[in-house]
Amino acid sequence: MRVILRFIALIVVWAVTVFGGALSYIFPETYCDVIENNWGIVIPTDCGYSLEISADSGASFHGDGTRYHVMYFDDAERISVLLGWSDEIPESIINYSEQLLDELDINCRPDYDHCVFYSQTKSDGSVIMIFWDESRQEMYVVEEIF
């Protein structure tokens with residue numbers, strides 16, 4: 001009887017662990033969790049993080065569309081070494097970002113002259129563009145998901 005109870009307890013613990021992990025993936029706590037789930041980019045939220053702007057193109061069945069977020073970080077130094085930032089932003093990236101922000105009707109935009117840049121593209125054409133303005137301690141994230 002004890003063996004059966006231990007086995008049942010083990011199954012319950014395992015099920016709770018798996019279910020909890022699945023729920024945290026399906027319902028992430030922060031936008032930084034969403035970025036980690038979708039892009040594998042870990043943005044620390046323990047360094048004075050606050051979400052200032054959040055906009056998207058609206059709900060869709062597949063979760064695709066355009067997303068824009070502006071985040072403020074108290075610890076700018078930690079974010080400045082986070083990714084392989086590029087000092088020079090290609091004009092095509094600026095134009096693409098501006099086009100997406102125009103579609104969202106966003107007024108608060110990165111000052112590209114003061115930003116460093118990182119991007120990643122998936123095989124389906126989805127793209128994330130991250131602009132970091134260390135002087136303002138703000139990160140601007142533009143995503144187009146397909």
For residues 139-146, please give each side-chain donor-acceptor pair under 3.5 Å, one per line with the distance, not counting sequence neighbours.
unit_1, atom_1, unit_2, atom_2, d
Tyr140, OH, Glu138, OE1, 2.5
Glu143, OE1, Tyr31, OH, 2.3
Glu143, OE2, Trp39, NE1, 2.6
Glu144, OE1, Tyr96, OH, 2.1

| remark: Between the CD1 atom in Ile106 and the OG1 atom in Thr66, the distance rounded to the nearest 0.5 Å is 10.5 Å

| Counterpart residues, side-chain contact (heavy atoms from CB on, under 4.5 Å), relative to Asp102 (two or more places apart) | Arg109

| Quick check: does any side chain N or O of Gln137 sit under 3.5 Å from a backbone N or O of Phe73, one acting as donor and the other as acceptor? | yes

| request: Kindly indicate whether the side chain of Tyr68, heavy atoms from C-beta on, has any atom under 4.5 Å from the side chain of Leu100. | output: no

| Between Asp33 (side chain) and Thr30 (backbone), is there a donor-acceptor pair under 3.5 Å? | yes

| Which value, rounded to the nearest 0.5 Å, describes the distance between Glu134 atom CD and Ile79 atom CD1? | 10.5 Å

| Hey, any chance Leu101 and Met129 share a hydrophobic cluster, counting ILVMFWY side chains that come within less than 4.5 Å of each other, even indirectly? | yes

| task | Tell me, yes or no, whether the heavy-atom count around Asn95 atom CG, taken from other residues, nucleotides or ligands under 6.0 Å, exceeds 12. | result | yes

| Any chain of hydrophobic side-chain contacts (each under 4.5 Å) joining Ile130 to Ile93? | no

| said: Looking at every heavy atom in both Trp132 and Ala76, which two are closest together, and how far apart are they? | reply: CZ2-O, 3.6 Å

| query | Does Val70 belong to the same Ile/Leu/Val/Met/Phe/Trp/Tyr cluster as Val34, with side-chain heavy atoms less than 4.5 Å apart forming each link? | reply | no

| query | Hey, are the side chains of Asn38 and Arg67 touching, using non-hydrogen atoms and a 4.5 Å cut-off? | reply | yes

| query | Phe131 versus Ile89: any side-chain heavy-atom pair under 4.5 Å? | reply | yes

| Side chain to side chain, Ser97 and Tyr112, heavy atoms closer than 4.5 Å | yes

| Is any side-chain heavy atom of Phe117 less than 4.5 Å from a side-chain heavy atom of Ser119? | yes

| query | With under 30° as parallel and over 60° as perpendicular, where do the rings of Trp85 and Tyr118 fit, or are they tilted in between? | reply | perpendicular

Do any side-chain atoms of residues 41-54 form donor-acceptor pairs under 3.5 angstrom with protein atoms, and if so which ones, sequence neighbours left out?
unit_1, atom_1, unit_2, atom_2, d
Asp46, OD1, Arg78, NH1, 2.7
Asp46, OD1, Arg78, NH2, 3.1
Ser54, OG, His69, NE2, 3.0

| message | Within this structure, what is the OG-CG distance for the pair Ser126 and Asp64, rounded to the nearest 0.5 Å? | response | 8.0 Å

| Ser57 versus Leu104: any side-chain heavy-atom pair under 4.5 Å? | yes

